[in-house]
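Each remark here refers to the structure printed beneath this line.
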Amino acid sequence: MYAPNASPNASSTRQTMAVVFESPTHLALRELTLVDPTATDVVVTMQYSGISTGTEKLLFTGRMPPFPGLGYPLVPGYEGVGIVQEAGADSGRAVGDVVYVPGSKGFTEARGLFGGQAAHVVVPGARTIGLADHLGERGALFALAATAHHCLEPDPARHLYRLPQLIVGHGALGRLIARLCVLYGAPPPTVWETNPVRMSGARGYQVLHPDDDPTTSYRVICDVSGADGILDQLIARLVPGGEIVLGGFYSEPVSFAFPPAFLREARIRVAAQWKEADLRAITEFANSGRLDLDGLITHREPASRAADAYATAFGDPTCVKMILDWRAA
């Protein structure tokens, strides 16, 4: 259900269906009221949204470290594709624009963290990104691709030797980092994966089980597995002065044995949330077709089956990326 209003600046009751984490491990699909849009906002009718197996899983399981604004009930999601249905006079958007949606301004009965898993959302027009028509549901991968880009050096094209030679984890994020390395023209990286069902799908690089890789001279290693206790294994594969980039999320304390790291003068860098420069690069690459986003979305469910979709996204190792289809909502 959606009750629109002719003017985005006037107060009205706008209701929408949304995925709600009522409390840790308890999910519902129910009706919520949108906050009123302002002149700088747009109201977007969602078409597709991706389920994050990082942030959203931590919110769903209740393992997300405390931060200001965290609380339940909440609406998750920050990987959306939709069509602008209402555009404020100062939003910079027009009705009918197809846009990437990084979340929303929220709802009156639940917190918006990050508020994108809903049939309709209110979001500042300046936060949306125009999408090329050919992208379709793949536009939901923009945040993940920008996160992958942030794991690289700030100016990748000029520092190819600093791009990852080894990537740990062949999920969606690991695949995007590998594809970006190839796109920039760096030597094809090696990707480690321990789960046999995730070893396929390489495009221009090789995927190996760690036990099958004899290399001990990697200059840059990027870990996106988030696995506990993995640093000692990675430090042993570094050249002196090599770097490990931590691109996963680590719910447990990260530690390592000091002597091997000391002998190699190892450097450790944490890659956090993407920046605007990363999103600009991904927008140009994806809209132009230079960045290959095919083969990353492996599962789809209608929004009405959200509970099943989340169970699959979080528990099925064959699921690289799950998309919720909101078009029937």
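In this text, all values refer to a predicted model and were calculated from it rather than measured experimentally. Sequential numbering from 1 along the given sequence is applied to the chain's residues.
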Minimum side-chain heavy-atom gap [X]-[Y] below 4.5 Å:
X: Leu180; Y: Pro156; result: no
X: Phe114; Y: Ser52; result: no
X: Thr318; Y: His299; result: yes
X: Leu141; Y: Leu135; result: no
X: Leu234; Y: Tyr218; result: no
X: Lys57; Y: Phe249; result: no
X: Met46; Y: Met17; result: no
X: Cys319; Y: Thr298; result: yes

Would a distance-only check, ignoring hydrogens and angles, find a side-chain to backbone donor-acceptor pair under 3.5 Å from [X] to [Y]?
X: Asp213; Y: Pro210; answer: no
X: Arg63; Y: Leu58; answer: no
X: Arg179; Y: Asp292; answer: yes
X: Arg269; Y: Cys151; answer: yes
X: Asp232; Y: Ala257; answer: yes
X: Gln117; Y: Val19; answer: no
X: Arg237; Y: Thr215; answer: yes
X: Glu86; Y: Val43; answer: no
X: His26; Y: Pro24; answer: yes
X: Gln47; Y: Ile83; answer: no

Using the test salt bridge (charged side-chain N to carboxylate O under 4.0 Å, His left out), find all partners of Arg198 that sit at least two apart in sequence or belong to another chain.
->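 For Arg198, no residue satisfies salt bridge (charged side-chain N to carboxylate O under 4.0 Å, His left out) once neighbours in sequence are set aside.
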Non-neighbouring partners of Lys105 that pass salt bridge (charged side-chain N to carboxylate O under 4.0 Å, His left out), sequence neighbours left out =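 Expected list: Asp41.
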Aromatic rings [X] and [Y]: how do their planes relate, parallel, tilted or perpendicular, breaks at 30° and 60°?
X: Phe258; Y: Phe262; result: tilted
X: Phe285; Y: Tyr184; result: perpendicular
X: Phe60; Y: Phe21; result: perpendicular

Could you please spell out the steps behind the side-chain contact (heavy atoms from CB on, under 4.5 Å) verdict for Tyr310 and Glu301?
-> CA-CA 10 Å; Tyr310 273 86; Glu301 289 283 3; over 6 Å; no
Are [X] and [Y] linked, directly or through other ILVMFWY residues, by side chains that come within less than 4.5 angstrom of each other?
X: Leu176; Y: Phe142; result: yes
X: Tyr250; Y: Val270; result: yes
X: Leu160; Y: Ile167; result: yes
X: Leu144; Y: Leu152; result: yes
X: Val207; Y: Val220; result: no

What's the verdict on side-chain contact (heavy atoms from CB on, under 4.5 Å) for Glu153 and Glu243, showing C-alpha distance, side-chain angles and the deciding distance?
-> CA-CA 12 Å; Glu153 282 291 307; Glu243 178 180 71; 4.2 Å; yes
Does CZ in Arg203 sit with more than 12 non-hydrogen atoms of other residues, nucleotides or ligands closer than 6.0 Å?
->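 Counting other residues, nucleotides and ligands, CZ of Arg203 exceeds 12 neighbours.
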CG of Asp155: more than 12 outside heavy atoms within 6.0 angstrom?
->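 Above 12, so yes.
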Steps toward side-chain contact (heavy atoms from CB on, under 4.5 Å) verdict (His149, Trp274) | CA-CA 8 Å; His149 194 273; Trp274 51 265; over 6 Å; no
With Ile221 as reference, evaluate Ile230, Leu166, Ile235 under the side chain to side chain contact (heavy atoms under 4.5 Å, CB included) test and give the passing residue.
-> Leu166
The side chain to side chain contact (heavy atoms under 4.5 Å, CB included) partner of Gln85 among Val95, Thr45, Asp97 is Thr45
Decide side-chain contact (heavy atoms from CB on, under 4.5 Å) for Thr55 and Met64; before the verdict, give the C-alpha distance in whole Å, the side-chain angles of both, and the deciding distance to 0.1 Å.
-> CA-CA 8 Å; Thr55 303; Met64 175 66 77; 3.7 Å; yes
With no hydrogens and no angle check, do the side chains of Tyr48 and Arg327 hold a donor and an acceptor under 3.5 Å apart?
-> yes
Check against salt bridge (Lys or Arg N to Asp or Glu O under 4.0 Å), Arg30 and Glu109 | CA-CA 11 Å; Arg30 63 181 175 93; Glu109 307 95 339; 5.9 Å; no
Using a strict cut-off of less than 4.0 Å between a Lys/Arg side-chain nitrogen and an Asp/Glu carboxylate oxygen, indicate whether Glu137 and Arg300 qualify as a salt bridge.
-> yes
